[in-house]
Amino acid sequence: MTAETTTPPAAAPSQATGPLFYQAPVPLRSDLHAAWRLVPDTAHFAADTNAIPAVIGEFGSLAQHYPIIFTGKDAMPLVAVGLAQRNLFVADGVWDEQSYVPAYVRRYPFVFMQAGEQDEYVLALDSAAKQVNQGQSEDGVPLFQDGKATEIVDNAMRFCGDYTREHDQTRHFTAALIENELLIDRNIDVTLADGRQMSINGFQVVDVEKFAALPDATVVAWHRSGWLALVHHHLSSLARFSALVSRQSALPADA
């Protein structure tokens, strides 16, 4: 998703060089990271992006707060959190308390990394994250004690496992959208309260007419799998673009 205004255009987050936000993920090991600790931190790391990856298990919650859109050749879902290159839901490093926080954000700085050629994963941590104390002090919660993972690591393992499974299911869903040729390119033009114009492009949405024309057998199968509800969540979420316009309009022109 890109946005064009009188200022330089803002590009959507790119996954080409690695996952969004992650700079230097390393597999966690009790022997190498025995002294590492995790310090409570804010959502400052998510402040400078206008879109965040999403998985289908959270579509219902996301749709109440953000537009859910699709992008790229694999049509992976994103939630739009800004019109220009900034997150309108993060102020002074704090995520808006009235809005659902995407799972991708809550997962950070942990992540699963693939190990070897098999579908095996190990828990990793972004060593460059500000939340990570690499043993310089006693600040934060230890990741390991007596050579064993602490509760924070166990919880991260479960969360990342759940997220990875959701991500795989999301790929099956978006593959079905592509196979049935339901996605169309979409561009929108918005006018802010002060008269500034913004053009938002580079994303896809489900074509309502093509969706309504799906064969009966497909409709039944998608109903049973929960995919029909996902499409409806996506379509209803597009109305949230107006909320993004309101948030952007409330900011100074140079913000």
Side-chain angles (χ1 to χ4, degrees), residues 1-16 19-21 41-55 58-73 75-106 108 174 177 182-209 211 230-255:
M1 183 182 77
T2 59
E4 296 178 358
T5 63
T6 53
T7 58
S14 172
Q15 301 292 315
L20 177 69
F21 304 145
D41 198 20
T42 65
H44 73 277
F45 62 89
D48 296 323
T49 185
N50 60 7
I52 292 174
V55 288
E58 56 180 347
F59 268 29
S61 297
L62 291 169
Q64 300 178 47
H65 303 277
Y66 319 98
I68 302 171
I69 57 179
F70 301 92
T71 188
K73 63 181 180 65
M76 294 309 293
L78 301 173
V79 287
V81 294
L83 301 179
Q85 193 64 29
R86 64 164 294 172
N87 188 337
L88 295 174
F89 294 85
V90 175
D92 297 324
V94 178
W95 199 283
D96 178 42
E97 294 182 354
Q98 304 302 315
S99 302
Y100 173 84
V101 181
Y104 191 94
V105 173
R106 288 182 280 122
Y108 188 80
T174 57
L177 294 180
L182 293 182
L183 296 173
I184 56 173
D185 294 330
R186 177 58 57 87
N187 302 303
I188 61 174
D189 298 320
V190 299
T191 302
L192 303 183
D194 61 4
R196 281 178 295 153
Q197 302 285 325
M198 300 187 75
S199 296
I200 305 166
N201 49 60
F203 65 96
Q204 296 177 306
V205 300
V206 169
D207 185 297
V208 175
E209 293 184 358
F211 178 56
L230 296 177
V231 175
H232 286 299
H233 286 318
H234 153 66
L235 292 174
S236 67
S237 78
L238 299 179
R240 302 303 300 171
F241 268 115
S242 62
L244 291 184
V245 174
S246 296
R247 284 177 177 267
Q248 185 69 52
S249 294
L251 297 177
D254 58 351

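Each residue takes its place number in the sequence, starting with 1. Any value given below was found using the heavy atoms of this structure, including those in side chains, with hydrogens, waters and symmetry copies removed.
For the atom pair CZ (R106) and OH (Y100), the distance works out to 4.0 Å, reported to the nearest 0.5 Å. Between the OG1 atom of T71 and the CG atom of D185 there is a distance of 9.5 Å, given to the nearest 0.5 Å. Taken from OH in Y104 to CD in E58, the straight-line distance is 12.0 Å, to the nearest 0.5 Å. In this structure, the separation between CZ on R240 and OG on S99 is 8.0 Å, given to the nearest 0.5 Å. To the nearest 0.5 Å, atoms CD1 (I69) and NE2 (H234) are separated by 9.5 Å. To the nearest 0.5 angstrom, L182 atom CG is 6.0 Å from L177 atom CG.
Side chain of N87 to main chain of A46: a donor-acceptor pair is present (N/O by atom type, distance under 3.5 Å, no hydrogens or angles). Although no hydrogens or angles enter the test, the distance criterion places no donor-acceptor pair under 3.5 Å between the side chain of R186 and the main chain of V205. Using a distance-only test at 3.5 Å, with no hydrogens or angles considered, no donor-acceptor pair links the side chain of Q248 to the main chain of G82.
Remark: D194 engages R196 in a salt bridge (charged side-chain N to carboxylate O under 4.0 Å, His left out) (not counting sequence neighbours).
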### Query
What's the verdict on side chain to side chain contact (heavy atoms under 4.5 Å, CB included) for L183 and T174, showing C-alpha distance, side-chain angles and the deciding distance?
CA-CA 10 Å; L183 296 173; T174 57; over 6 Å; no
### Task
Test F89 against H65 for ring-ring contact (aromatic ring centres under 6.0 Å, His included), laying out the working first.
CA-CA 10 Å; F89 294 85; H65 303 277; 7.8 Å; no
### Message
What verdict does the side chain to side chain contact (heavy atoms under 4.5 Å, CB included) test give for N50 and L83, after you've listed the backbone C-alpha separation in whole Å, the side-chain angles of each residue and the deciding distance to 0.1 Å?
### Response
CA-CA 6 Å; N50 60 7; L83 301 179; over 6 Å; no
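Nearest heavy atoms, I68 versus H233: CD1-O, 4.5 Å. For the pair A47 and V90, the tightest heavy-atom approach, listed with the atom from each and the gap, is CB-CG1, 3.9 Å. Closest heavy-atom contact between M198 and A84: CE-N, 3.9 Å. Summarising the geometry of N187 relative to G202, their closest heavy-atom pair is OD1-N, 3.7 Å, with the distance given to 0.1 Å. Summarising the geometry of A54 relative to L62, their closest heavy-atom pair is CB-CD1, 3.5 Å, with the distance given to 0.1 Å. Taking each heavy atom of V81 and A51 in turn, the nearest pair found is CG2-N, 3.8 Å.
Taking the six-membered ring where tryptophan is involved, the planes of F21 and F45 are perpendicular, since the angle between them exceeds 60° and thus also 30°.
Between the side chains of D189 and S199, a donor-acceptor pair is found at a separation under 3.5 Å.
Contact annotation: the side chain of T42 never approaches that of D92 to less than 4.5 Å [non-hydrogen atoms, C-beta and beyond]. Counting heavy atoms from C-beta on, the side chains of V105 and Y108 never come closer than 4.5 Å. Considering only heavy atoms from C-beta on, V190 stays 4.5 Å or farther from F241 through its side chain. Between F203 and P67, every side-chain heavy-atom pair lies at or beyond the 4.5 Å cut-off.
A centroid separation of 6.0 Å or more is found between the aromatic rings of F59 and H232.
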